[in-house]
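Below is one structure, written out as structure tokens, with a few remarks after it.
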Number of protein chains: 2
Amino acid sequence: MGPLPHILVVDDHVQIRESVTRYLEKNGMRATSAKDAADMDAKLAGGHFDLVVLDVMMPGEDGLSVCRRLAAAGAVPIIMLTALGEDADRIAGLELGADDYLAKPFNPRELLARIRSVLRRSSRGEPLAGKLAGRTVRFEHLVLDTDRQILIDDEQGEIPLTDSEFRLLVVMLERARMVLSRDQLLDLTAGRTAGPLDRTIDNQISRLRRKIEPDVLRPRIIRTVRNGGYCLATDVEEQA
Amino acid sequence: MGPLPHILVVDDHVQIRESVTRYLEKNGMRATSAKDAADMDAKLAGGHFDLVVLDVMMPGEDGLSVCRRLAAAGAVPIIMLTALGEDADRIAGLELGADDYLAKPFNPRELLARIRSVLRRSSRGEPLAGKLAGRTVRFEHLVLDTDRQILIDDEQGEIPLTDSEFRLLVVMLERARMVLSRDQLLDLTAGRTAGPLDRTIDNQISRLRRKIEPDVLRPRIIRTVRNGGYCLATDVEEQA
DNA sequence: ACGGATTTGTAGCGGATTGTATCAGGCAAT
DNA sequence: ATTGCCTGATACAATCCGCTACAAATCCGT
């Protein structure tokens, strides 16, 4: 987990903000607070956060609306704070993409446990995710230079990658040996959802293979999983 | 998206098991139930599951203990069902590695929402060849390269495997000397349940045998167990 | 802003794979 | 021996995927 996880607490009550941030900081986390949606946006824009704790009841933009926005962007996990017993809110929140909720008034220790639980989930799901930025990795006979967005072949020289080829390759390298559906790949590379006749990913895989597979007719780096998607079947190691 | 997500519901009450499984199935999931910890272990061993819904209060092995075991293995996400208001249980469950909990009595719609939420986080793809991912194993006169999805015959050269042949072989190698029913094999390879006239597995076994049996008329690697299924009857050892 | 070049998405053909139907052979029980 | 079921094998149809070709979109320098 590198440095301390950074939590953003969004609530309009000063008391709650302060007590929560203090409690989190006492328990090995970094905490920042925001008093409303606008404040939250400013803080999010200005730094990296691992999780947002979001109050449903807020003046200005509603918590559910904020939740929908954040979940759509998909960049950060969310825990919602709801009024006690408001089933409707809770279900709505989860369906909108919140990762968890907690009823107010809540036990701080339980909030901590839930934060840890969500963090554990999201880091488990993405083993190397995002960490490829600025690094150089080697796999098979190739070295990927993420800064220059090119591949370096041991034998031949540099192989330039187009934008989408690069994104696709990075996404797969970060999830080596995982089977990724076309939907997931399209979501991760382009941020959109696939229509029923969408062959976009097939096409990009085909183009990428031409550049990285020694024998395109029998691909072994990017393997096709029928009815499943694609899988990068090789080890990926860091390069000095 | 591959096949439907498969949920295992563990609870000692018949009513709850049945109503929950029925509700999940009506909402686009596959559900199986187990009545206690031992039953659960059997089901887990015999098929593939994407998530376990686990009651805390159970006769026999306690839910928290089961939760610790499963979380340590780390193979499958867990949602715990706790008695209402039992803060201690909830916190303990989360700290033991559960991915979420729900207080009983619960709203089925909320359970569904939580299941979807957990799956969204954790189902970011599964390893292709299970525990064999990236390994190379030897059995009889053959070596299986799981990365390249090919067999290497000591005498002849490489034997390419189709996707389903490969999945079937991997599943059987991982469970060498165990008798596997057609249902289990279909579940483990394709993630679906067999209809009454389903001869899919027979067919695939037949195809696989043609590629691996020295004498197809007298198969000795994959043995047929009449009224039982099939069994890979040979030792499997790791290859450098 | 314009025009050309590169990149990216869409459509469609053809090969490969896989599930279903069907028939034939074999084992077991009567 | 006969009957009934279970399994092996073949044939075929449906589906999936790779590839090419083309159209739309984007980029970039002037």
Side-chain angles (χ1 to χ4, degrees), chain A residues 149-151 159-171 179-183 185-231 233, chain B residues 1-3 128 149-150 159-171 179-183 185-213 215-231 233:
Chain A
Q149 190 168 321
I150 59 170
L151 281 167
I159 305 174
L161 294 174
T162 73
D163 243 345
S164 58
E165 284 162 0
F166 177 71
R167 275 200 306 272
L168 180 58
L169 181 56
V170 166
V171 162
V179 179
L180 300 167
S181 71
R182 286 156 230 272
D183 269 344
L185 289 170
L186 199 59
D187 184 24
L188 291 166
T189 57
R192 62 195 176 85
T193 40
L197 299 175
D198 204 320
R199 303 286 303 278
T200 303
I201 292 297
D202 299 53
N203 203 336
Q204 309 229 357
I205 291 279
S206 177
R207 281 165 177 147
L208 184 54
R209 273 177 174 159
R210 255 174 255 159
K211 295 191 177 179
I212 70 175
E213 293 285 354
D215 180 2
V216 180
L217 295 181
R218 300 162 88 226
R220 67 172 188 175
I221 299 180
I222 298 180
R223 184 125 63 77
T224 303
V225 181
R226 186 175 236 252
N227 288 311
Y230 296 95
C231 169
Chain B
M1 188 178 45
L128 176 56
Q149 190 169 321
I150 59 172
I159 306 174
L161 294 174
T162 72
D163 227 329
S164 58
E165 286 161 1
F166 175 72
R167 276 202 301 272
L168 180 59
L169 182 56
V170 166
V171 161
V179 178
L180 300 166
S181 71
R182 285 156 231 270
D183 267 345
L185 289 170
L186 198 60
D187 181 15
L188 292 165
T189 58
R192 62 196 175 85
T193 320
L197 299 175
D198 204 320
R199 302 288 306 280
T200 302
I201 292 297
D202 298 59
N203 201 339
Q204 300 197 350
I205 291 280
S206 174
R207 281 165 176 148
L208 183 54
R209 273 177 174 159
R210 256 175 254 162
K211 294 192 176 178
I212 69 174
E213 294 286 355
D215 179 4
V216 181
L217 296 181
R218 298 176 162 275
R220 63 172 188 178
I221 298 180
I222 298 181
R223 200 157 50 83
T224 303
V225 180
R226 185 166 240 258
N227 291 313
Y230 297 94
C231 168

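Chain identifiers are assigned alphabetically (A, B, ...) following the order of the sequence lines, protein sequences preceding nucleic acid strands; residue numbering begins at 1 within each chain.
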**Prompt:** Separation of A/Asp183 atom CG from D/dC16 atom P, in whole Å?
**Reply:** 14 Å
**Message:** Is B/Thr200 close enough to C/dT20 that one of its side-chain N or O atoms is under 4.0 Å from OP1 or OP2 there?
**Reply:** yes
**Prompt:** Is there a donor-acceptor contact under 3.5 Å from the side chain of B/Glu213 to the main chain of B/Arg220?
**Reply:** yes
**Request:** Go along nucleotides 24-30 of chain C 5' to 3' and tag each nucleotide: B for a protein heavy atom under 4.0 Å from its base, S when only backbone or sugar atoms are that close, - otherwise.
**Result:** --BB---
**Message:** Between P on D/dG18 and CG on A/Leu217, what's the gap in Å once rounded to a whole number?
**Reply:** 12 Å
**Request:** Round to a whole Å and report the spacing from CD1 of B/Ile205 to C1' of D/dC6.
**Result:** 15 Å
**Message:** Please confirm whether the shortest side-chain N or O distance from A/Tyr230 to OP1 or OP2 of D/dC16 is below 4.0 Å.
**Reply:** no
**Request:** Look only at the side chain of B/Glu165 and the backbone of B/Gln204, and say whether a donor-acceptor pair between them is shorter than 3.5 Å.
**Result:** no
**Complete:** Winner on side-chain proximity to B/Arg210, out of C/dG9, D/dT10, C/dG19, is D/dT10
**Asked** Within the pair A/Ser206 and D/dC19, is there a side-chain N or O less than 4.0 Å away from OP1 or OP2?
**Response** yes
**Request:** Measure from CZ on A/Arg199 to P on C/dT8 and round the result to the nearest Å.
**Result:** 18 Å
**Item:** Whole-Å gap separating P (C/dT7) and NZ (A/Lys211)
**Value:** 7 Å
**Asked** Does B/Arg182 place a side-chain N or O at less than 4.0 Å from the phosphate oxygens OP1/OP2 of D/dT7?
**Response** yes
**Message:** At 4.0 Å (heavy atoms only), tell me whether A/Arg209 reaches a base, stays on the sugar-phosphate, or touches nothing.
**Reply:** sugar-phosphate
**Asked** Does the side chain of B/Ile212 reach to within under 4.5 Å of the side chain of B/Ile159, using non-hydrogen atoms?
**Response** no
**Prompt:** Separation of B/Asp215 atom CG from D/dG8 atom C1', in whole Å?
**Reply:** 14 Å
**Message:** Would the distance check show the side chain of A/Arg209 and the main-chain N or O of A/Ile222 forming a donor-acceptor pair, the cut-off being under 3.5 Å?
**Reply:** yes
**Item:** Flag for A/Thr200-A/Asp198: side-chain donor and acceptor within less than 3.5 Å
**Value:** yes
**Message:** Any side-chain N or O of A/Thr162 below 4.0 angstrom from OP1/OP2 of C/dT6?
**Reply:** no
**Request:** Determine whether A/Val225 and B/Arg167 make a side-chain contact, defined as any pair of heavy atoms from C-beta on separated by less than 4.5 Å.
**Result:** yes
**Request:** Provide, to the nearest angstrom, the distance between the CZ atom belonging to B/Arg223 and the P atom belonging to D/dC6.
**Result:** 19 Å
**Request:** Look at the side chain of A/Arg207 and decide which nucleotide, out of D/dC19, D/dC12, D/dC22, has an atom nearest to it.
**Result:** D/dC22
**Message:** Base, sugar-phosphate or nothing for B/Asn203? Non-hydrogen atoms, less than 4.0 Å.
**Reply:** base
**OG1 on B/Thr162 to CG on B/Leu169, rounded to 0.5 Å** = 10.5 Å
**Item:** Protein-nucleotide distance (A/Phe166, atom CZ; C/dT7, atom C1'), rounded to Å
**Value:** 16 Å
**Message:** What contact category does B/Asn227 fall into here, base, sugar-phosphate, or nothing, at under 4.0 angstrom with non-hydrogen atoms?
**Reply:** sugar-phosphate
**Prompt:** Do any side-chain nitrogens or oxygens of B/Gln204 fall under 4.0 Å of OP1 or OP2 in C/dT18?
**Reply:** no
**Message:** Could you work out, with side chain to side chain contact (heavy atoms under 4.5 Å, CB included) as the rule, every residue matching A/Asn203, not counting sequence neighbours?
**Reply:** A/Arg207
